[in-house]
**Q** 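Dropping the structure in here first, questions after.
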Amino acid sequence: MAPLLQSSQPWVEKYRPRRVKDVAHQDEVVRVLTNTLETTNCPHMLFYGPPGTGKTTTALAIAHQLYGPELYKSRVLELNASDERGINVVRTKIKNFAAVAVGSGHQGGYGYPCPPFKIIILDEADSMTEDAQNALRRTMETYSKVTRFFFICNYISRIIEPLASRCAKFRFKPLSEEIMSTRVLHICNEEGLNLDSEALSTLSSISQGDLRRAITFLQGAARLFGSSISSKDLISVSGVVPQEVVGDLLASCKSGSFDSANKQVNNVIAEGYPVSQILSQLFDLVVESDDVSDEQKARICRKLGESDKCLVDGADEYLQLLDACSCMIKAFCNMPEGYSN
Amino acid sequence: MLWVDKYRPKSLDKVLVHEDVAQNLKKLVTEQDCPHLLFYGPSGSGKKTLIMALLRQMFGASAEKVKVENKTWKVDAGSRTIDLELTTLSSSHHVELNPSDAGFQDRYIVQEIIKEMAKNRPIDVKGKKGFKVLVLNEVDKLSREAQHSLRRTMEKYSASCRLILCCDSSSKVTEAVRSRCLNVRISAPKEDQIVKVLEFIGKKEGLQLPPGFAARIAEKSGRSLRRAILSFETCRVQQYPFTNNQVIPPMDWEEYVSEIAADIMKEQSPKRLFQVRGKLYELLVNCIPPEVILKRLLHELLKKLDSELKHEVCHWAAYYEHSMRLGQKAIFHIEAFVAKFMSIYKGFLIATFG
């Protein structure tokens, strides 16, 4: 087989924290889990929070630390959305794994005693069907002596209440700018990159608390532009639309001419900018602008929301953006709202 | 061979448009660690060309020796097994597939087939790359579940496999997938860039181009390079040597749509609506995508309208396109739009002229 190259790994994997105490910014979880490591006892856990805050990393780190590399394979079952997780899998695979008893007394990884239970990590649990979640309820209780469940999800509202109430819940916070900066600077040092303070603050603002995104952008920029990275380079790899484009679009809407707005929209589509991103940047601009009355803002924001929903449903980008712009023109010119059905 | 294929640039150095992107990509692959890539941009802007050139840059000429395989996969989905037919295009270093072809069963493709492919490390010892490449087309058409399934696969097997995703609009790709990729935006080529390419082809073919001829083709193409080259070739077949006043033939379906638009403007009645239905069916059975028809129809109608009406008409176009996406049969929604337009226009005519 071809050699496995360490250097070919994405930095997100390369710098993934291997130990629980290295996980940034999630103090409560880290404290509880460090306690677990010492006492070898823990409840079922439910981690939730936005992407890129370290949920999967934490779960994998604790599993590795508890069991060490040898026992890991036999004691941990990791299932994520890339695995089939219908009700059948819950009834057979998970149940069978959960039912197996384990002996204690082994020496675990990193000198901690090995706990007398196994761990099942269900990543991206919010994409499991409700039926599959229901089927888990009794399983969790019956085998609670020998098995612990770790649920990981973005939206806690998609986890059914009976499951959530059986777990200790931990919310993972979006990373603050300082923590993000220290992490990014650490990677820059390791990789020999040069990042000025302006680029650093741009990086934290475009990644919006998502460390994984920040690191991916950083790696992309480093590959494309070499070892010294400016904030402009970061914007060009991040897919954020340049402010002038959105500004032009807004200006043409304010001028009140439908045709010039239509031309701008055509231009935006041809340039290939993602419309959902344009809508969110338009929203920022409109909310912050001073020369727009509150009523106009409210009208525009409502329309932007509707268009965004339509985009999520898969509607055409051009038509939705044009509709949003036409609504903005009408709002700026104080034309009456709405159409009769 | 069509000119579109004949003059497709084979390597990153020979790319005529998007030179900056091509240079960046070249830098990207000369280093060992290439991230996952997501190419997005309108159709006809050169995404596929760049991907193929990139693969060639990575693996050398052997990436071009592709074979088409039509394989049936048996996927075990709990109580029953599903047969999935999938066409793949593969060389010894990369596999290209179109997962959204499987429709609502695309989840199984991602969960079983792509995972299976991603898991296996390349056998080739001589090749210096320690990974292989999976090219996935039309990821924006993947269902939400399938995109979720892709997330962890991208991370877990990143040591042995790189994904190159390709789509028209990145709005429809979930945030989670986008944040795992290096996003590469491919904009539609500008008109002067198209002119440059056309002149290049003209020179290679030994053609005499009258001044301004290429610019006219470029203007008609709507910034799609593929379309420009195709209509250039059509012109060549129609009449050579080129003359300055030669008509550049529009697409026949576009002509048809503008005919429909003219019909609608002329008369607004149930009878006319019925006639229009027949024409719309004609377009649909010829496999013109319904949203393209609707967009073109709106474009034609907007040309002929007062500015007050434009707002309302474009609102309803967006409304019916959205409901078309949620619904099943496209003809209902296009026809609803036509009927709506007729009622608006008639109301406007009555209000103005009595």
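Residue numbers begin at 1 in each chain, while the letters A, B, ... track the order of the sequences. Computed from a predicted structure; not experimentally measured. The basis for the numbers below is simple: all heavy atoms, side chains too, and nothing from hydrogens, waters or symmetry mates.
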**Q** Can you tell if the side chain of A/L322 reaches within under 4.5 Å of the side chain of B/L298, non-hydrogen atoms only?
**A**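 SC-SC contact between A/L322 and B/L298 confirmed.
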
**Q** Picking from B/A318, B/S171, B/A188, which has the most non-hydrogen pairs under 4.5 angstrom with chain A?
**A**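 The residue among B/A318, B/S171, B/A188 with the greatest pair count is B/S171.
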
**Q** Between B/S187, B/P189, B/G222, which residue shows the highest count of heavy-atom pairs closer than 4.5 Å to chain A?
**A**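 Looking at each of B/S187, B/P189, B/G222 in turn, B/S187 comes out on top.
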
**Q** What part of A/N266 gets closer than 4.5 Å to chain B, counting heavy atoms only: side chain, backbone, both or neither?
**A**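 Neither part.
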
**Q** How many angstroms lie between CG in B/L294 and CG in A/D316, if you round to the nearest 0.5 Å?
**A**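 So the CG of B/L294 and the CG of A/D316 are separated by 8.5 Å.
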
**Q** Hey, what do you get for NE2 (B/H148) to CG (A/N154), rounding to the nearest 0.5 Å?
**A**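 B/H148 atom NE2 to A/N154 atom CG measures 7.5 Å (nearest 0.5 Å).
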
**Q** Counting heavy-atom pairs closer than 4.5 Å to chain B, which one of A/A222, A/G52, A/G314 comes out on top?
**A**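 Heavy-atom pair counts peak at A/G314.
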
**Q** Tell me, side chain or backbone of B/L302 under 4.5 Å from chain A's heavy atoms, or both, or neither?
**A**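 B/L302 touches chain A through side-chain heavy atoms alone.
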
**Q** Atom CG of A/D323 and atom CH2 of B/W316: how far apart are they, to the nearest 0.5 Å?
**A**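 Here the rounded value is 10.0 Å.
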
**Q** If you take all heavy atoms of A/A270 and B/R223, which pair is closest and at what distance?
**A**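 In terms of heavy atoms, the two residues are closest at CB-NH1, 3.5 Å.
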
**Q** Quick check on A/F217 against chain B: is it the side chain, the backbone, both or neither that has a heavy atom closer than 4.5 Å?
**A**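 Contact with chain B: none, neither part.
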
**Q** Look at the side chain of B/R325 and the backbone N and O of A/L311, then say whether any donor-acceptor pair between them is shorter than 3.5 Å.
**A**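 Checking the backbone N and O of A/L311 against the side chain of B/R325, no donor-acceptor pair under 3.5 Å is found.
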
**Q** May I ask you to name which of B/E308, B/E291, B/E321 has the most heavy-atom pairs under 4.5 Å with chain A?
**A**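 Max contact count across the listed options: B/E321.
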
**Q** Do side-chain atoms of B/S170 reach the backbone of A/P274 as a donor and acceptor pair under 3.5 angstrom?
**A**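 Between the backbone of A/P274 and the side chain of B/S170 there is no qualifying donor-acceptor contact (under 3.5 Å).
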
**Q** Side-chain contact, heavy-atom cut-off 4.5 Å: B/H322 with A/Q320?
**A**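 Yes, close enough: below the 4.5 Å cut-off.
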
**Q** In terms of heavy-atom proximity below 4.5 Å to chain B, should A/K93 be classed as side chain, backbone, both, or neither?
**A**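 No part of it gets close to chain B.
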
**Q** So which of B/R107, B/K295, B/H315 has the biggest tally of heavy-atom pairs under 4.5 Å with chain A?
**A**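 Among the listed options, the one with the most contacts to chain A is B/H315.
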
**Q** Need one label for A/E13: side chain, backbone, both or neither, based on atoms under 4.5 Å from any heavy atom in chain B.
**A**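 Just the side chain, heavy atoms under 4.5 Å.
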
**Q** If you compare all heavy atoms of A/F258 against all heavy atoms of B/C314, which two are closest, and at what distance to 0.1 Å?
**A**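 Looks like CE1-SG, 4.0 Å.
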
**Q** Please look at A/D123 and chain B and tell me whether the side chain, the backbone, both or neither of the residue comes under 4.5 angstrom of a heavy atom of that chain.
**A**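 The answer is the side chain of A/D123.
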
**Q** Measuring only between side-chain heavy atoms, which start at C-beta, is A/E271 closer than 4.5 Å to B/R185?
**A**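 Result yes, sub-4.5 Å side-chain heavy-atom pair found.
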
**Q** For the candidates B/K190, B/H36, B/R151, which exhibits the highest count of non-hydrogen atom pairs separated by less than 4.5 Å from chain A?
**A**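 The option with the most such pairs is B/R151.
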
**Q** Would you say the side chain of B/K310 lies within less than 4.5 Å of the side chain of A/D259, judging by non-hydrogen atoms?
**A**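 Yes; the side chains approach each other to less than 4.5 Å.
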
**Q** Count the heavy atoms belonging to other residues, nucleotides or ligands that lie under 6.0 Å from OH of A/Y15, then report whether that count exceeds 12.
**A**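 Correct, the count exceeds 12.
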
**Q** Can you say whether B/K141 sits under 4.5 Å from chain A via the side chain, the backbone, both, or neither, judging by heavy atoms?
**A**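 Neither part, no heavy atoms under 4.5 Å.
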
**Q** Give, as side chain, backbone, both or neither, the part of A/L60 having an atom under 4.5 angstrom from any heavy atom of chain B.
**A**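 Contact with chain B: side chain only.
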
**Q** Can you establish whether the number of heavy atoms outside B/K304 located under 6.0 Å from its atom NZ is more than 12?
**A**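 Atom NZ in B/K304 is packed in, count exceeds 12.
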
**Q** More than 12 non-hydrogen atoms from neighbouring residues, nucleotides or ligands closer than 6.0 Å to NZ on A/K232, yes or no?
**A**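 Check fails, neighbour count at 12 or below.
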
